[in-house]
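Worksheet for the structure shown next.
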Amino acid sequence: MRDDLIIRRESPRDAATRELHDAAFGIPQGRRESVERELIRGLRSDGSVIDELTFVAELDGEIVGHVVCSRASLDGAPSVGLGPISVRPDHQQQGIGAALVMSVVASAEQAAEPVVVLLGDPEYYGFFGFVPASRLGIGSPGDWEDRYFRALTLRARRPEMAGDFRYAQAFDRIV
């Protein structure tokens with residue numbers, strides 16, 4: 001990881017994050033923007049973004065990474081959904097995504113969140129301790145393979161915190 005990388009909470013002046021998601025994920029044919037960009041707009045308009053857990057990565061004054069966390073629910077109780085997370089293509093494989101994930105985990109721990117849930121690569125997120133959510137009794141809101149729906153328990157989690165997981169409503173509107 002680079003020594004000059006700055007991870008900080010996102011601020012309203014960070015408009016560059018919109019194009020960052022388009023660059024990282026691409027814009028599907030027939031669309032004007034990436035699905036992730038549309039999702040983030042929906043999360044913001046619904047008031048679902050958790051500001052304390054949403055970060056940018058900055059190098060030389062430029063935003064090169066971004067992670068958004070949103071309020072979700074676990075069996076009706078507040079929970080955290082991590083994602084989308086993006087790193088500018090020309091800065092991938094340099095530890096920037098890892099620094100963003102670690103910032104979320106540390107801040108979620110400090111905020112006494114019980115669990116962070118995401119949909120992502122098992123090998124990559126396994127490095128941070130994310131396990132298949134089903135192992136923790138957390139039910140998936142989608143029909144993707146079990147190994148991709150992952151969760152990381154934090155100190156505030158109690159064993160009875162299990163059940164159906166639901167992402168913020170903006171996720172349901174993405175087609």
Side-chain angles (χ1 to χ4, degrees), residues 7-12 14-22 24-28 31-57 63 65-87 97 100-122 124-125 128 130-134 136-154 156-158 161-175:
I7 303 292
R8 62 173 173 75
R9 281 190 37 203
E10 179 190 51
S11 77
D14 293 327
T17 59
R18 293 188 290 261
E19 290 78 22
L20 175 72
H21 291 280
D22 289 347
F25 287 101
I27 300 172
R31 297 181 62 103
R32 295 184 334 222
E33 62 188 3
S34 64
V35 172
E36 292 73 16
R37 184 173 174 176
E38 178 185 342
L39 173 60
I40 293 168
R41 188 174 50 256
L43 291 169
R44 288 189 199 292
S45 69
D46 292 349
S48 299
V49 172
I50 304 171
D51 294 332
E52 299 79 21
L53 302 179
T54 298
F55 297 94
V56 295
I63 294 174
H66 185 224
V67 62
V68 175
C69 288
S70 56
R71 187 53 66 199
S73 68
L74 177 57
D75 199 31
S79 187
V80 175
L82 186 155
I85 181 170
S86 298
V87 175
L100 289 166
V101 171
M102 289 186 286
S103 294
V104 167
V105 170
S107 297
E109 189 76 79
Q110 193 171 33
E113 295 287 352
V115 63
V116 176
V117 178
L118 58 81
L119 184 63
D121 180 83
Y124 182 77
Y125 290 104
F128 302 101
F130 284 85
V131 299
S134 62
L136 304 170
I138 299 173
S140 174
D143 59 354
W144 40 75
E145 285 185 52
D146 187 50
R147 64 192 187 111
Y148 294 109
F149 183 62
R150 306 190 69 78
L152 176 68
T153 58
L154 304 174
R157 181 180 183 266
R158 295 180 313 279
M161 292 178 163
D164 290 335
F165 180 85
R166 294 286 170 250
Y167 282 107
Q169 289 182 347
F171 282 86
D172 295 333
R173 295 191 301 265
I174 297 299
V175 290

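Residues take their numbers from the sequence shown, with the count starting at 1. Because only heavy atoms are used, hydrogens play no part in the values below, and waters and symmetry mates are left out as well, while side chains stay in. Because the structure is predicted, anything quoted here is derived from the model rather than measured.
With a 4.5 Å cut-off on side-chain heavy atoms, Phe171 and Pro141 do not count as touching. Residues Leu39 and Arg173 fail the side-chain proximity criterion, which asks for heavy atoms closer than 4.5 Å. Between Phe130 and Val117 there is no side-chain heavy-atom pair separated by less than 4.5 Å. Side-chain contact between Phe128 and Leu152 is absent, with no heavy-atom pair separated by less than 4.5 Å. Contact check for Arg18 versus Asp22: no side-chain heavy atoms found under the 4.5 Å cut-off. Residues Arg9 and Asp51 form a side-chain contact, since some pair of their non-hydrogen atoms from C-beta on lies under 4.5 Å apart.
Scanning both residues, Leu118 and Tyr125, for their nearest heavy atoms gives CD2-CD2, 3.5 Å. A pairwise comparison of heavy atoms in Ala162 and Leu74 identifies C-CD1, 4.1 Å as the closest pair. Listed here is the closest heavy atom pair of Leu53 and Val104: O-CG2, 3.6 Å. Here the closest heavy-atom approach between residue Arg166 and residue Ala72 is recorded as O-CB, 3.0 Å. Listed here is the closest heavy atom pair of Val87 and Ala24: O-CB, 3.5 Å. Nearest heavy-atom pair, Val67 versus Leu82, reported as atom, atom and distance to 0.1 Å: CG2-CD2, 3.9 Å.
For the atom pair OG1 of Thr54 and CD1 of Ile40, the computed distance is 9.0 Å after rounding to the nearest 0.5 Å. Rounding to the nearest 0.5 angstrom, the gap separating the OG atom in Ser140 from the CZ atom in Arg150 is 12.5 Å. The OG atom of Ser79 lies 9.5 Å from the OH atom of Tyr167; values are rounded to the nearest 0.5 Å. To the nearest 0.5 angstrom, Phe165 atom CZ is 12.0 Å from Leu136 atom CG. For the atom pair Phe55 CZ and Arg8 CZ, the distance stands at 11.0 Å (nearest 0.5 Å). To the nearest 0.5 Å, atom CZ of residue Arg37 and atom CD1 of residue Ile27 are 7.0 Å apart.
Looking at Ser34, its side chain never comes within 3.5 Å of a backbone N or O of Gly26 through a donor-acceptor pair.
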For Glu113 and Arg71, what are the C-alpha separation, side-chain angles and deciding distance, and is it a salt bridge (charged side-chain N to carboxylate O under 4.0 Å, His left out)? CA-CA 11 Å; Glu113 295 287 352; Arg71 187 53 66 199; 2.8 Å; yes
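Applying the 6.0 Å contact sphere to CD of Glu109 captures more than 12 heavy atoms from other residues, nucleotides or ligands. Heavy atoms from other residues, nucleotides or ligands lying under 6.0 Å from CD of Gln110 number 12 at most.
Exactly one residue among Thr17, Ile7, Leu100 makes a side chain to side chain contact (heavy atoms under 4.5 Å, CB included) with Val56. That residue is Thr17.
Ser86 and His21 are linked by a side-chain donor-acceptor pair at a separation below 3.5 angstrom, with hydrogens and angles left out of the test.
The aromatic rings of Trp144 and Phe149 sit tilted relative to each other, their planes meeting at an angle between 30° and 60°.
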